[in-house]
Amino acid sequence: MQAPDLFRQQLLAAVPRLRRYARSLTFDAGTADDLVQTALERALSHWHQFDQRRDMLVWLLSIAHNAFLDQRRRDSRMRFVDPAQADAQQDLQRADPGADVGLRIDLMRALACLPLDQREPLLLVSVEQFSYAECAEALGIPIGTVMSRVSRGRVALRALLEGQPRPEAVRTLRRVI
Amino acid sequence: MTPTPPPDRPDDARLSAWLDGELDADGRAQVDAWLRDHPEDAAQARLWAADRDALRARFDPVLDEPMPAALRQTVLQAGRPAAAPRAAWRQVAVAAGLLVAGAVAGGWLGAQVAGSPDGHPLASLSLPWADAERVRPGGWTHRAAVAHAVYAPEVRHPVEVNVAQGTATEQRAQEEHLSRWLGKRLDMPVPLFDLRAQGFELVGGRLLPDASGPSAQLMYQNSGGQRVTVYLRKPEPGAAAAFRFQRDGDLGLFYWVEDGFGCALVGKLPRAQLLALAEAVYKQAEDQIQPAPQGHKPAS
């Protein structure tokens with residue numbers, strides 16, 4: 001049985017945010033939309049599993065998360081797009097590089113350096129503005145784990161942006177002071 | 001012993017949860033109190049907040065990007081037996097055309113396919129056009145082909161308004177005049193498509209008679225002196241047609257019809273090269289003609 005119209009309309013409304021999340025995971029617009037395409041196809045073929053009382057986006061980003069992991073497992077040789085290059089590409093598309101191109105390139109590089117298990121919770125909480133509970137649901141991990149991974153991601157990102165290669169050492173030092 | 005012990009130093013996870021609004025009222029008050037007395041930790045939290053805002057600012061623009069037709073198509077049509085909507089299969093037609101052209105032109109066009117935001121695997125799709133249908137005499141594409149055949153060989157008067165003469169300032173003024181004049185006469189925006197990425201400079205344009213009103217012809221020329229023309233007209237209601245290719249003798253012609261305009265690209269060039277040009281025109285027309293029936297009433 002095929003997905004009903006209401007479901008399709010809800011799905012369509014969620015596509016922009018799904019694309020944003022995919023872009024923040026993969027950096028490259030084409031790769032991101034491939035991931036979006038996969039997630040949408042899975043959502044459509046499992047529409048009956050969606051509980052209408054729940055948040056469509058949490059469900060959808062959970063599917064995208066799993067699709068992304070599958071893709072990485074399947075293709076362990078997955079090429080990583082240079083974030084600086086992807087950034088430049090996006091700037092071209094927007095034709096408005098903004099005032100802080102240098103800063104954003106650094107931000108993308110730093111983000112790309114984060115381990116995925118920190119990057120995903122950090123993005124879901126920061127960019128998607130998910131609660132820890134929603135983030136836990138989307139990623140299939142306990143709330144306490146979300147909390148610690150988000151904070152470790154923040155510390156690591158800051159350390160990378162400040163040019164400090166070992167985030168753990170930084171925090172330890174501060175603790176001594 | 002103090003009556004109320006000072007709050008413990010919040011660890012990273014707690015400070016982070018505070019920033020995310022994940023603490024209950026008591027927890028929040030404790031962290032608030034700690035940060036009041038410890039400016040270095042408050043500064044840390046501000047930096048985290050700044051990073052969060054920077055991440056949002058970096059990815060929020062994705063929300064405003066136009067949705068690729070292939071994704072919309074997937075959501076609305078996947079699993080349905082009904083025919084695909086016109087807009088989506090026109091998109092497919094363009095992409096499939098690129099594949100064919102890519103096979104013809106090899107690596108030359110490969111970069112453009114890779115650069116297309118809507119590029120996706122299409123190998124299993126059959127082409128929506130029967131190969132190289134003939135231009136139908138009496139149809140508007142025939143008029144486009146004839147207009148090309150008449151004016152493209154002209155040496156002295158290929159166009160009515162020439163934008164390739166004079167200083168850069170004069171050229172810009174002529175371009176503006178041409179676009180406004182044709183726009184006013186056709187009663188629709190007539191963008192001067194930029195085909196420089198494909199090696200073609202705008203020569204100028206002219207007004208032409210179509211079946212029941214005016215049409216516009218824009219002429220482009222490359223460094224080898226080869227010319228292509230773009231023919232723009234208002235379509236009959238309900239005449240929308242997908243991206244197609246026609247031949248008339250040694251002339252090739254890509255055309256498509258939207259709700260607001262019909263457009264043909266004509267030239268005596270290899271099909272792959274014509275397609276690259278037509279695709280550039282198609283993209284620019286989507287951006288510049290479709291959304292703008294409003295506000296185009298210039299006083300020429």
A/Arg149 with A/Glu120: basic N within carboxylate O range, under 4.0 Å: no
Under 4.5 Å from any heavy atom of chain A - which part of B/Asp60: both
Output for pair (A/Ser151 OG, A/Arg154 CZ), nearest 0.5 Å, gives 8.5 Å
Distance from B/Arg52 atom CZ to B/Leu55 atom CG, nearest 0.5 Å? 10.0 Å
A/His46 side-chain N/O to A/Arg42 backbone N/O, donor-acceptor pair under 3.5 Å: yes
Which one of A/Arg19, A/Glu128, A/Met147 has the most heavy-atom pairs closer than 4.5 Å to chain B? A/Arg19
What part of A/Gln9 is in contact with chain B, defined as an atom under 4.5 angstrom from a non-hydrogen atom: side chain, backbone, both or neither? side chain
Under 4.5 Å to a heavy atom of chain B? For A/Ile143 that would be neither
